[in-house]
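Since the structure comes first, as structure tokens, the remarks are kept for the end.
So that the names make sense, note that chain A is the first sequence line, chain B the second, and so on, each numbered from 1.
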Protein chains: 2
Amino acid sequence: MLRQTITIKDIARELNISVSTVSRALRDAFDVSLETKQMVLEKAKELNYKPNYNARGLSQGKTNNIGVIIPFITNYYFSTVITGIQKIAYEYNYNIVLYLTNDAEERECQIMNNLILSGLDGILISTCASNYDHIHKIMDKGVPVVFFDRTNSLNASKVKQDDYNGAFEATSHLISQGFTKIAHITGPKDQMFTQNRLNGYLNALEHHNLPVRKKWIIHNGFSQECGAQDLQKLMAKSKKPEAIFAVNDRKAIGAMVELKQQNIQIGKDFGVVGFTNDPICTLITPTLTTVSESAFEIGSIACELLLKHIQKENLIPKEVILPGELIIRESSMRSSTVVKKADLP
Amino acid sequence: MLRQTITIKDIARELNISVSTVSRALRDAFDVSLETKQMVLEKAKELNYKPNYNARGLSQGKTNNIGVIIPFITNYYFSTVITGIQKIAYEYNYNIVLYLTNDAEERECQIMNNLILSGLDGILISTCASNYDHIHKIMDKGVPVVFFDRTNSLNASKVKQDDYNGAFEATSHLISQGFTKIAHITGPKDQMFTQNRLNGYLNALEHHNLPVRKKWIIHNGFSQECGAQDLQKLMAKSKKPEAIFAVNDRKAIGAMVELKQQNIQIGKDFGVVGFTNDPICTLITPTLTTVSESAFEIGSIACELLLKHIQKENLIPKEVILPGELIIRESSMRSSTVVKKADLP
DNA sequence: TTGTAGGCGTTATCAT
DNA sequence: ATGATAACGCCTACAA
């Protein structure tokens with residue numbers, strides 16, 4: 001079975017009209033008669049005609065493909081963002097070309113330099129890079145880029161959660177629960193969102209007149225394992241904290257696993273707050289207090305913004321910051337010995 | 001800043017040679033002199049030339065894009081499969097175009113009928129459909145399709161986990177723990193993988209001379225909520241089961257949440273086994289016994305297979321079945337009252 | 001309203 | 001080893 005493609009030429013020949021007329025009819029142009037249009041559409045369906053996007057792209061200079069570049073996809077946040085992106089992209093008939101950087105700057109550069117780029121109308125990116133040359137190059141070529149989650153100082157549209165205030169609230173909440181010795185376990189220093197959450201943490205301490213101990217701020221990777229490591233480091237110190245605010249739920253959970261290992265009562269003796277509101281927060285015991293991120297909305301808004309940039313050459317960059325919400329659960333409640341009905345007298 | 005693209009013409013002009021020579025040099029063809037080749041490559045780098053994949057695709061009839069069609073991406077299994085696909089695709093310089101069907105057959109058809117398809121060299125799909133006309137159409141056009149996870153009876157390459165044996169082992173394990181009244185909560189009837197897991201369950205019962213109670217087999221959706229619903233239904237029956245084998249971890253977890261609500265001791269009084277080995281299995285209390293799926297390998301193998309089909313027109317379809325592994329944890333252990341050191345006298 | 005012709009960037013088929 | 005030239009499928013002035 002050979003891949004015999006039906007083109008507008010076939011339709012034109014069968015109908016004894018010219019290709020341009022067929023093209024017009026297919027694109028629902030204004031200057032075609034209703035009858036010919038219907039004739040063409042019928043014939044197209046009959047022959048099971050599919051447009052060749054390569055050809056269309058070549059002649060129009062666009063592809064209806066947008067690139068999405070993210071570190072990973074195996075976590076709640078990014079997979080939900082993608083779902084949000086997909087919804088909008090699908091509505092507007094755009095396809096998503098997915099790239100995973102594995103959180104490696106080099107890989108991200110490779111992807112952006114060597115590959116495609118001619119095949120993409122625009123790019124949505126959560127960058128893991130500290131140097132932005134590769135991104136600059138693309139933007140200079142006139143390819144619209146919208147950043148989300150992990151943003152930076154470049155002059156482009158950005159969509160993200162409110163990292164600073166989320167962190168501020170999270171930390172303040174721990175303080176309101178009577179925890180004063182609060183550590184922060186976070187990611188690499190050169191990420192802006194990491195920096196913002198750190199600032200939120202620091203300012204919350206300051207605001208409540210609590211001292212900052214630099215030794216209680218641990219920079220490490222973003223994974224659950226890193227969270228566990230961080231907690232070990234903290235508890236090995238001479239001055240131990242009695243609560244932590246983690247940069248994300250993964251690390252918070254790693255810390256919780258380690259705390260359980262060390263037989264420390266989470267909630268009562270040690271407060272834990274994460275960031276993201278991964279569904280796992282409600283499944284782990286004790287349930288994890290966190291700051292929710294509107295991942296789906298971040299994806300859909302970022303995509304809408306990108307499509308606008310694609311449509312309008314010199315749209316002024318816009319920065320959208322979505323508020324988070326502190327969701328209080330057991331892991332941060334001093335009084336949270338869960339009382340089950342069955343345990344009541 | 002206009003999108004001024006550098007083409008091979010520019011290189012040709014600057015070097016005072018013909019475009020065909022440039023093209024040859026760029027493609028590392030055999031009939032170019034070493035010097036011109038190097039000259040061209042240097043100039044290309046200097047001008048920051050990027051090939052136009054649309055044009056290349058148009059003239060070669062290929063795009064280096066493969067489509068990946070899945071129901072969701074917000075779960076461990078699919079996001080891990082994608083990661084596996086990505087690894088291989090990246091190695092071979094293929095791009096991934098992602099489509100989410102949201103588990104809606106209609107949407108899947110729309111995607112395959114209306115959209116692209118001319119823009120894809122091949123397709124990897126985990127179909128949610130019960131009717132395969134839309135897939136047939138594509139395959140008839142000569143576009144290679146490889147199925148994974150959710151397969152079917154079509155004559156094409158397939159890669160999947162060993163659903164039958166996994167289910168058989170899972171059920172047998174529950175029986176070996178002394179559970180005899182075992183229910184099965186599963187998905188819609190018309191999925192083949194669902195059917196296979198059901199058969200594994202049934203044959204395990206039969207093999208151990210246990211009766212089959214049809215009322216203990218619940219068909220419903222795949223979500224956590226559905227799992228909770230299913231358990232409610234089961235416990236509302238006059239004859240209640242004392243263990244369940246769930247078609248996936250999500251449903252198992254939904255059931256566990258509901259069991260906790262009803263104050264039923266999981267493990268000791270009620271056995272639960274899932275399927276997938278989502279990382280959440282080790283985080284929930286009690287930890288969840290499950291059958292591991294090699295999601296990453298399924299992705300990478302499926303992608304390799306697809307690339308072979310793309311390369312070789314009439315490659316004979318191949319079916320790869322990856323074995324799972326029963327991972328025994330607390331949720332299925334009758335004797336698994338977790339004894340913490342702190343609780344010891 | 002329709003048809004003609006040239007072009008998008010690249011590759012492939014001829015010559016030279 | 002290199003150069004001209006015609007595709008690839010579609011779009012779009014321009015002409016009719």
Query - Interatomic distance where CE belongs to B:M39 and C1' belongs to D:dT2 [whole Å] - result: 11 Å
**Report entry** Interatomic spacing from CD1 in B:I88 to CG in B:L305 - rounded to 0.5 Å
**Finding:** 11.5 Å
Requested in this report: Please determine if A:K160 and A:E293 form a salt bridge, counting it only when a charged side-chain N lies under 4.0 Å from a carboxylate O.
Outcome: no
Report task. Nearest whole angstrom, please: distance from the P of C:dC8 to the CZ of B:R56. Result -> 18 Å
Report task. Measure from the side-chain heavy atoms of B:S23 and tell me the nearest of D:dC10, C:dG9, C:dT11. Result -> C:dT11
Query raised in the report: Can you tell which of D:dT12, C:dT13, C:dC8 lies closest to the side chain of A:S59?
Result: C:dC8
Query raised in the report: Rounded to whole angstroms, how far apart are NZ on A:K9 and P on D:dC11?
Result: 13 Å
Query raised in the report: When the distance from CD1 of A:I11 to C1' of C:dT2 is rounded to whole Å, what number comes out?
Result: 17 Å
Query raised in the report: Between B:K137 and B:D140, is there a side-chain N and carboxylate O pair less than 4.0 Å apart?
Result: no
Query raised in the report: Hey, does the side-chain of A:S33 have a donor or acceptor N/O within less than 3.5 Å of a partner on the base of C:dT2?
Result: no
Query raised in the report: What nucleotide among D:dG9, D:dA4, C:dT10 has an atom nearest to a side-chain atom of A:N52?
Result: D:dG9
Requested in this report: Scan A:F30 against the nucleic acid and name what it touches under 4.0 Å (heavy atoms): base, sugar-phosphate only, or nothing.
Outcome: nothing
Query raised in the report: Do the non-hydrogen side-chain atoms of A:V68 and A:V97 ever get within less than 4.5 Å of each other?
Result: no
Report summary line: Regarding the side chain of A:Q60, the nearest nucleotide among D:dC11, D:dT5, D:dG3 is D:dC11
**Report entry** Phosphate OP1/OP2 of D:dA1 contacted by B:T36 side-chain N/O (<4.0 Å)
**Finding:** no
Requested in this report: For A:K50 and D:dC10, give me the distance from atom NZ to atom C1', rounded to whole Å.
Outcome: 17 Å
Report task. For B:R27, report the nucleic acid contact type (base, sugar-phosphate, nothing); a contact means any heavy atom under 4.0 Å. Result -> sugar-phosphate
Query raised in the report: Hey, is B:R150 close enough to B:D190 for a salt bridge, meaning N to O under 4.0 Å?
Result: no
Query - N/O donor-acceptor pair, side chain B:S20 with base D:dA4, under 3.5 angstrom - result: yes
Report task. Have a look at the helix from C:dT1-D:dA16 to C:dT16-D:dA1 and give the angle its two end axes make, five pairs each, rounded to 10 degrees. Result -> 40°
Query raised in the report: Can you say whether the rings of B:F193 and B:F222 are parallel (under 30°), tilted (30 to 60°) or perpendicular (over 60°)?
Result: parallel
**Report entry** Between C:dA5 (P) and A:R24 (CZ): distance, integer Å
**Finding:** 14 Å
Query raised in the report: Under 4.0 Å between a Lys/Arg side-chain N and an Asp/Glu carboxylate O for A:K43 and A:D10?
Result: no
Query raised in the report: Looking across every strand, which nucleic acid part, if any, lies under 4.0 Å from B:I17 by heavy atom: base, sugar-phosphate, or nothing?
Result: sugar-phosphate
Requested in this report: Figure out the NZ/P separation between B:K62 and C:dT10, and round it to whole Å.
Outcome: 16 Å
Query raised in the report: Thinking salt bridges, do B:E91 and B:K87 make one under a 4.0 Å N-O criterion?
Result: yes
Query raised in the report: Taking for each residue the nucleotide of DNA chain D bearing the nearest heavy atom, is the 5' side occupied by B:D31 or by A:L58?
Result: B:D31
Query - Side chain of A:I8 (C-beta onward), nearest among D:dT2, D:dC10, D:dT5 - result: D:dC10
Query raised in the report: Of the candidate nucleotides D:dG9, D:dG3, C:dG3, which contains the atom at the shortest distance from the side chain of A:T21?
Result: C:dG3
Query - Gap between atoms CD1 and C1', on A:I6 and D:dC10 respectively (whole Å) - result: 16 Å
Query raised in the report: So, is B:Y49 near the phosphate of C:dT10, with a side-chain N or O under 4.0 Å from OP1 or OP2?
Result: yes
